[in-house]
Number of protein chains: 2
Amino acid sequence: MEGTSQGGQAARAPAMTDVARLAGVSHQTVSRVLNGHPNVREQTRLRVRAAIEELGYRPNRAARTLVTGRSQLLGVVAPNSTLFGPASLLAAFELAAGAAGFSVSVRRVRVLDQPSIAAAVEHHRDQRVAGIVVIAPTASANEALAGVPAEVPVVTVDGDPERSAALVTVDQEAGAYAATRHLLAAGHRTVWHVSGPSDWLDAAGRVRGWQRALEEAGAEVPPVTPADWSAAAGHRAGQMLARMPEVTAVFAANDHLALGVLRALNERGRPVPAEVSVVGFDDVPEAAYFTPPLTTVRPDFDQVATETLNLLLKRITGGESGPVRRILTPVLVERESVTAPPR
Amino acid sequence: MEGTSQGGQAARAPAMTDVARLAGVSHQTVSRVLNGHPNVREQTRLRVRAAIEELGYRPNRAARTLVTGRSQLLGVVAPNSTLFGPASLLAAFELAAGAAGFSVSVRRVRVLDQPSIAAAVEHHRDQRVAGIVVIAPTASANEALAGVPAEVPVVTVDGDPERSAALVTVDQEAGAYAATRHLLAAGHRTVWHVSGPSDWLDAAGRVRGWQRALEEAGAEVPPVTPADWSAAAGHRAGQMLARMPEVTAVFAANDHLALGVLRALNERGRPVPAEVSVVGFDDVPEAAYFTPPLTTVRPDFDQVATETLNLLLKRITGGESGPVRRILTPVLVERESVTAPPR
DNA sequence: GGTCCGAAGGTGAGCGCTAACATAGCCCAC
DNA sequence: GTGGGCTATGTTAGCGCTCACCTTCGGACC
C-alpha cells in the first residue's frame, strides 16, 4: 500500500474539470456535451460520455443556476388541503413536470389571503425558480398576483379569469349548468343548491351555472344553502333540506357535500333517488360506490395539470406572455342518484 | 434627463456587494449579519439591515448552495397516488417544512419499484438537497434505499422497519389488531379481511394484526380477500363476501375498500350493521357520513409528518445516524357500522 | 508601559458552472 | 496557393456567495 493521495480524503464529488481531464478535453467541451451543443465531434462526445460514466459524474445544478440565473425548478403555491381536486392536480403536475426534467417545489399556504400567497410567491422567487404555478381558488389569492413582476412566468390554476395573465381552469359554470339541466330534464320543478365556501371562485362559478340553468328554464331559484367543502357541512345542509317536502332535487357543489346530503336524507327517511335526486361535482373515485351511486360532474384534473405545465413551459422558453387562458369543460357522469320526482 | 447609468440597464438584482457598499461595510459583514453571526456591532447590524431593506436585497440561494454544498431544500419521493394517507402526510410535511424554513421538492414515481425509487433519490441528490424523505410503502421501494450513501440524511415513511436506518410509520399491526378485537368483542365468531395490495407493507401489517387477533382469540382465520386500495376493489370483494351467510364481520384495509364493501352488502340486501359489521382504516373525513357511519382506525398523519421532519432535521444538523424509528399507534374510532352478530 | 487577548471587521480565494471570445485546423473557391 | 468561412475546441472571466485567514483596535493585567 503506497501512501498515495487516494487514502484519507473525503472523496470530493467529481466536477466537470475531473471529467475533462480524464477525457483529455477542456471543461468547456464537457459542458457542451452535457448541454447538447452542436459542434462537438461524435468521437469526442463519446469520449466525454465515457469519462462521465466512469467517474459517476453528476452536474452541480447550483453552479448552473448561479451562472444562468435560472433553475430547473418549478414552484407551486397550493392551499393546505387534501381536497380531491387540488390533490390530484398537484400529483399529476408533479409527475408531468418530472417527466419534463423539472423539479417541483411546493409551498403550502395555510390561508388563501393576499399576504400569504404573496409571501409564498416571493419565497419561490428567492429560489430562482424557472416558473410558478399558483393554485388560487379564491378572489383574495388572485389579488396577490398583481404584485408579481411580469418577467416571472406565472400560471394560475382555478384563478380569476378577469385578473390572471395566464390561467388554466375548469369551466365550473358549464359543469354546474349541465348538472342542473340534467335534474330539470328529469322532471324536477326546480333544483336546490348546496354551495362551497363563498370566497372560492369555483364555488361561485358553480352557483352561477346552477342559477343560469334555472333562470333559462323559468324555474324558481331557491336560496343557496351555504357550506364549506366537507361532508360534515353537506350533512348539516342536508338536514335542512330533508325537512322540506318540496325539495326533490339537490345539486351539491362537490361529491363530499353530496355524500353528507345523501346521509342526511337517508337518516330522515327520504330515499334517494325515489324522493330526492342528488348530483355532485368532482367525480371522486368513490362516488360510484356511494348509496346510491352518485351522478356527478367530472373535471379532467390530469388535463388541467398537463395544460398548466405546457403553458408554463411556453412562457419560460418562448416568453409568450399574452393573457392566455385554457378553460376545460367537465362532463356529466350519470349514475343512480337521479330520477324523476315523485309524482 | 442626464445620461446617467440608471437608464437602459436591465436592473440586475442587487447582490451582497451592493448592500455592502450602501452600508459602508464589506460584503463579508453583510454575510455575517445575514447568517446571524456574533461579533457584529449592533449599530453595524442595523445599518446593514437598513441597506438590505432599501435595496430590496434577497440572498441568492444558488450561490450559497454552490459554496456550502447544501441547499435549504428537502426532497420527497412519493408514489403517484391521491390516496388519503400519503396525500395528507405530504401536505402536512410541506407545511411543517415551510415553517422551518425549508422548501420541499417532490418527485413522484409512477411505480414503486427499485429502479424508480433509486432514480428519484439520485435526482434529489443532484439538487444537493439537505435531506430526503422517501414514502416507501412497498418492499421493493425499500430495497432501493440500500444503495444510498450513509452521508445523505434519509428518513423513510411507511417503510420496512427491518431495513431502514431512520423510519417513521404507523403501527399498522396494532391498528388492525384493535379493529379485529373490536369486532370479536362485539360477539362475532370470526372476522373476514379485505386486504390492500400484497406488496404494500401497510397492507401486510394490517393482515398480520388481523391474523394475530384472531389467533389469540382462538377464532378461525378465514382466507384473505385480496384487493387494491380502491372502492371498486372493495365492491368486488364485498360481492363475494355478501354471498356467504356465515360472514358477519369484515375488516377492510382502508375506508374506501370499506365503502365498496358497504355498497355491495347493501346491494345484496345484507344490512350493515344488523347482519354484517364492517370496520375500515384511515378515518377519511367522509367516513362519518357513509351509510352507515363507519367505525374505523385513525392514524395521525399530521404527527407522522412532524415526526418525520424532526427526525430529518436532526440528521441534517446533528448528524445523529443511529437506526431511529418512530412508530405511532393509531386509534379506533367507533361509529355505527359495528354491532353484535345476528343471533 | 508592554503584552496579550478577544471583539469587530476586512481581504482573497474559490465553489462548479456557462457565456463570450479566441484560436486552430480544414476545405473550398478562385 | 491564398483568403474566407466553416467546424471543433480552448481560454478567460465571472455568477454571488462562504470560508479561512488576516488586520486593527481597545482594554485588562502584571
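Quick note on labels: first sequence line is chain A, next is B, and so on, each numbered from 1.
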Participant: Asn35(B) has an atom CG; how far is it from atom C1' of dC17(D), in whole Å?
Facilitator: 10 Å
Participant: Find the distance Gln43(A):CD to dT7(D):P and express it as a whole number of Å.
Facilitator: 19 Å
Participant: In this structure, how many angstroms lie between the P atom of dC17(C) and the CG atom of Asp126(B), rounded?
Facilitator: 11 Å
Participant: Please state how far atom CD in Gln72(A) lies from atom P in dC17(C), giving the value in whole angstrom units.
Facilitator: 15 Å
Participant: Provide, to the nearest angstrom, the distance between the CG atom belonging to Leu66(B) and the C1' atom belonging to dC15(C).
Facilitator: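 For the pair Leu66(B) CG and dC15(C) C1', the rounded distance is 4 Å.
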Participant: Does anything in residues 55-62 of chain A come within less than 4.0 Å of DNA chain C? Heavy atoms only, and list the residues if so.
Facilitator: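 Here the set is Tyr57(A), Pro59(A), Asn60(A).
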Participant: State the CG-OG distance between Leu66(A) and Ser71(A), to the nearest 0.5 angstrom.
Facilitator: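 That separation rounds to 12.0 Å.
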Participant: Main chain of Ser140(B), side chain of Asp113(B): is a donor-acceptor contact present, judged purely on distance under 3.5 Å?
Facilitator: no
Participant: If you measure from CG on Leu83(A) to CG on Leu90(A), what distance do you get to the nearest 0.5 Å?
Facilitator: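 With rounding to 0.5 Å, CG (Leu83(A)) is 12.0 Å from CG (Leu90(A)).
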Participant: Counting primed atoms plus P, OP1 and OP2 as sugar-phosphate and everything else as base, spell out the protein contacts along nucleotides 5-14 of chain C at 4.0 Å heavy-atom distance: B, S or - for each nucleotide, 5' to 3'.
Facilitator: ---SBBBB-B
Participant: Could you tell me whether the phosphate oxygens of dT18(C), OP1 or OP2, come under 4.0 Å of any side-chain nitrogen or oxygen in Ser31(A)?
Facilitator: yes
Participant: Go through the side-chain N and O atoms of Ser105(A) and Gln127(A) and say whether any donor and acceptor fall under 3.5 Å apart.
Facilitator: no
Participant: How many whole angstroms separate atom CG of Leu34(A) from atom C1' of dG16(C)?
Facilitator: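 That distance rounds to 12 Å.
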Participant: Short question: side chain of Asn35(B), backbone of His37(B) - any donor-acceptor pair under 3.5 Å?
Facilitator: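 Such a contact is absent between Asn35(B) side chain and His37(B) backbone.
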Participant: Could you state the interatomic distance from CD (Glu53(B)) to CG (Leu46(B)), rounded to the nearest 0.5 Å?
Facilitator: 11.5 Å
Participant: Could you tell me the separation between the CD atom of Gln114(A) and the OG1 atom of Thr138(A), rounded to the nearest 0.5 Å?
Facilitator: 10.5 Å
Participant: Can you tell me how far apart CZ (Phe102(B)) and CG (Leu312(B)) are? Round to the nearest 0.5 Å.
Facilitator: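 The distance works out to 8.0 Å.
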Participant: Measure the distance from CZ on Arg64(A) to P on dC15(C) and round it to the nearest whole Å.
Facilitator: 19 Å
Participant: What is the distance from atom CG of Leu201(B) to atom OG1 of Thr169(B), rounded to the nearest 0.5 Å?
Facilitator: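 Output value for this atom pair is 8.0 Å.
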